[in-house]
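What follows is a short report on a single structure.
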Amino acid sequence: MAKIATLTVDGKNFELPLVQGAEGEQAIDISQLRSRTGLITLDPGFANTGSCESGITYMDGEKGILRYRGIPVEQLAGKSTFVETSYLLINGELPTREELTRFSIMLNDHSLVHEDMRTFFEYFPRGAHPMGILSSMVNALRAFYPEIPERGEDEETNMMFTRLLSKVRTMAAMSYKISRGHKVVYPRHDLTYCANFLNMMFDSPVRPYIIDNDLVKALEVFWILHADHEQNCSTAAVRLVGSARVNLYAAIAAGISALWGPLHGGANQAVVEMLQQIHDSGGDPAPFLARARDREDPFRLMGFGHRVYKTYDPRVKIMKKVCGKVLKKMKRHDPLMDVAMRLEEAAVKDPYFKDHNLYPNVDFYSGILLRAIGIPVNMFTVMFAIGRLPGWISQWKEAMDDPHWKLHRPRQVYIGSKVRDYVPMEKRKRPKN
Ligand code: CMC
């Protein structure tokens, strides 16, 4: 029998259907609430609102579980590649050998960026943040590649996805090279997705880049861990903007802008800056923990806390392990790794952090890994964006294919002035302080 919830308003009962998810989680379907009761729901930050039904990513924030298309992220990080995981997210199944080869060939074929786009890059001020550049460039792809497939044109749609996946990586490396005033390095057909990116970032005519398979593997894991995270802020932005039936590039550009924020993807840059501050002030995390506890102080411990995880983010353990491996392999000692471990140890014991269920999130160690690979700090969030791209694409595709999909248009509770008359300029007065 279908389950229902009963809502009582002014002594009158209303029955609302319950929706059951694949893992047993339940939701109250309120889509008919307003037409039946005149009421809307109020949920600032959508903290308790399901905006869609999705079959892509499963998270359990209480147990610290993350799965893409049912497969635990730990298994994907250990056994898969970023390209294979991207295929899984977008298409719903792991590819056969043939499908993976075809996908890789398409990624290779679409990896070049229109030469005219370089001019675009060259006119950004040198100090411009790479996230702003990336968002603009992705939006500009619409102008350079105007063919937008219709619904049902699967092959063309797949081409648009691979084009975007492949070009974003090239554009990110290109913008880095141009920002440094260096020669752009083109993608190579003989390199994998991740190795190609590292080569485009770091190869130079005077110092050829030697590809290290351990670094390539570390980058694969970094990108797999970021590949999707269900209805987070940037994915919700992609879905919301996409719901107006705008083209894919514009929707993804909106996702990139959302990700830039320090409460979201921008946290990986903010964490390293915070760790550096702690290090420069002597390395003791205690004063920073005290500031984070102080309600009068806007300071937050970056890389800590999560809207969904109320325990350890499952990605942290993997990220920390990869960090340790890469630093060991490179025989490099990063003092920020010591600061991070001291800070984590102190914070997880701290009653404030315990009471608020604040644990390290994916961004806590990721910046240390990126530093070790040689990625400059202002490119950290771009690295997150490249990783999240298959997630954004698969969520956009799921939304576009959903026959029940509607324009996203939340409501509000109005708390402004009641109706009043227009006042002519000469009669307007402000109270004096
Ligand atoms: N440091 C100190 N206090 C915190 C922190 C933190 N990092 N995070 C949350 N709190 C406190 C907050 O002050 C509030 O306390 P109280 O209830 O006493 O007023 C309580 O915890 C709940 O905070 P909230 O802001 O209502 O919770 P939220 O679910 O909206 O916040 C968050 C989630 C990620 C925005 C927040 O934890 C945060 O600002 N963290 C730091 C930034 C960060 O690391 N972001 C990356 C998130 S994971 C990767 C990603 O999504 O991109």
Side-chain angles (χ1 to χ4, degrees), residues 42-49 57 59-62 64-66 73 131 134 222-239 254-275 277-278 285-320 336 340 343-344 346-370 377 380-389 391-392 395:
L42 180 63
D43 181 19
F46 308 127
N48 203 35
T49 294
T57 288
M59 281 173 77
D60 182 327
E62 272 70 37
I65 293 174
L66 175 61
V73 73
M131 282 299 274
L134 190 67
F222 174 91
W223 275 339
I224 289 171
L225 294 182
H226 286 84
D228 195 45
H229 218 219
E230 52 119 300
Q231 306 314 314
N232 57 85
C233 177
S234 55
T235 303
V238 169
R239 280 189 179 253
I256 295 172
S257 299
L259 188 75
W260 191 359
L263 295 188
H264 192 12
N268 59 11
Q269 176 172 345
V271 169
V272 162
E273 287 162 356
M274 175 189 76
L275 294 174
Q277 249 187 307
I278 300 176
F288 291 82
L289 289 174
R291 284 190 64 192
R293 284 191 300 261
D294 182 357
R295 278 170 179 273
E296 303 302 313
D297 189 333
F299 175 80
R300 283 188 168 199
L301 210 58
M302 300 314 282
F304 261 76
H306 197 275
R307 176 61 65 78
V308 179
Y309 293 125
K310 297 305 160 201
T311 181
Y312 260 89
D313 178 333
R315 300 167 296 179
V316 171
K317 197 170 150 197
I318 308 169
M319 193 71 84
K320 189 174 173 183
L336 297 196
L343 180 60
E344 178 190 352
V348 296
K349 280 193 216 140
D350 187 299
Y352 171 91
F353 284 83
K354 274 188 180 165
D355 292 349
H356 285 76
N357 296 318
L358 299 171
Y359 294 90
N361 60 49
V362 69
D363 295 314
F364 194 66
Y365 284 102
S366 68
I368 298 176
L369 174 63
L370 293 175
V377 176
F380 283 7
T381 314
V382 167
M383 298 300 287
F384 190 151
I386 302 173
R388 184 53 54 87
L389 192 53
W392 288 332
Q395 301 270 352

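Because the structure is a prediction, the values reported are computed rather than measured. Counting starts at 1 for both ligands and their atoms, following the listed order. We number each residue from 1, following the sequence as shown.
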Just going by heavy-atom distances, which of [options] is nearest to [atom]?
atom	options	answer
atom 1 (N) of ligand 1	D363, L301, L263, L289	L301
atom 34 (C) of ligand 1	G305, A347, A258	G305
atom 39 (O) of ligand 1	R315, K310, H306, R300	R300
atom 5 (C) of ligand 1	L358, V362, N357	L358
atom 3 (N) of ligand 1	Y352, F304, F364	Y352
atom 16 (P) of ligand 1	H356, R291, H229	H356

State, yes or no, whether a side-chain contact exists between [X] and [Y] at a heavy-atom distance under 4.5 Å.
X	Y	value
I318	I224	no
F384	R388	yes
F364	M319	no

Please report the closest heavy-atom contact between L66 and T57, naming both atoms and the distance. CD1-CG2, 3.6 Å

Considering all heavy atoms of both residues, which atom of D363 and which atom of H264 are nearest to each other, and what is their separation? OD2-O, 3.6 Å

Rounded to the nearest 0.5 Å, how far does CZ of R315 lie from OH of Y309?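 Output value for this atom pair is 4.5 Å.
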
First locate atom CZ of F380, then atom CG of L370, and finally report the distance between them rounded to the nearest 0.5 Å. 5.0 Å

Is there at least one protein heavy-atom neighbour under 4.0 Å from atom 47 (C) of ligand 1?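 Given the 4.0 Å limit, the answer for atom 47 (C) of ligand 1 is yes, a protein heavy atom qualifies.
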
Would atom 27 (O) of ligand 1 count as contacted, meaning some protein heavy atom under 4.0 Å?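 Given the 4.0 Å cut-off, atom 27 (O) of ligand 1 does not count as touching protein heavy atoms.
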
One pair to check against side-chain hydrogen bond (donor to acceptor under 3.5 Å, both in side chains): T311 and N357. What are the steps and the verdict? CA-CA 6 Å; T311 181; N357 296 318; over 6 Å; no

[X]: numbered ligand 1 atoms lying under 4.0 Å from its heavy atoms:
X	answer
A267	43 (C), 44 (O), 45 (N), 46 (C)
G303	43 (C), 44 (O)
G265	52 (O)
R295	16 (P), 18 (O), 19 (O)

When you measure from the centre of the six-membered ring of Y352, is the NZ or CZ of R293 under 6.0 Å away and within 45° of the axis? no

Looking only at protein heavy atoms, identify the closest one to [atom] and say how far it is in Å.
atom	answer
atom 52 (O) of ligand 1	H264 ND1, 2.7 Å
atom 42 (C) of ligand 1	M302 CE, 3.5 Å
atom 2 (C) of ligand 1	A292 O, 3.8 Å

Is the backbone N or O of [Y] less than 3.5 Å from a side-chain atom of [X], with the two atoms forming a donor-acceptor pair by type?
X	Y	answer
N232	E230	yes
D60	I65	no
K317	D313	no

Quick look: R307 vs ligand 1, heavy-atom contacts under 4.0 Å, and the answer is both

Quick one: look at R293 and ligand 1, take heavy-atom pairs under 4.0 Å, and tell me if it's side chain, backbone, both or neither.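 R293 to ligand 1: no contact under 4.0 Å from either part.
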
Determine whether any heavy atom of G45 lies closer than 4.0 Å to an atom of ligand 1. no

Examine F384 against ligand 1 and note whether any of their N/O atoms are separated by less than 3.5 Å.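 Looking only at distances, the answer is no, because the N/O contact criterion of under 3.5 Å is not met.
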
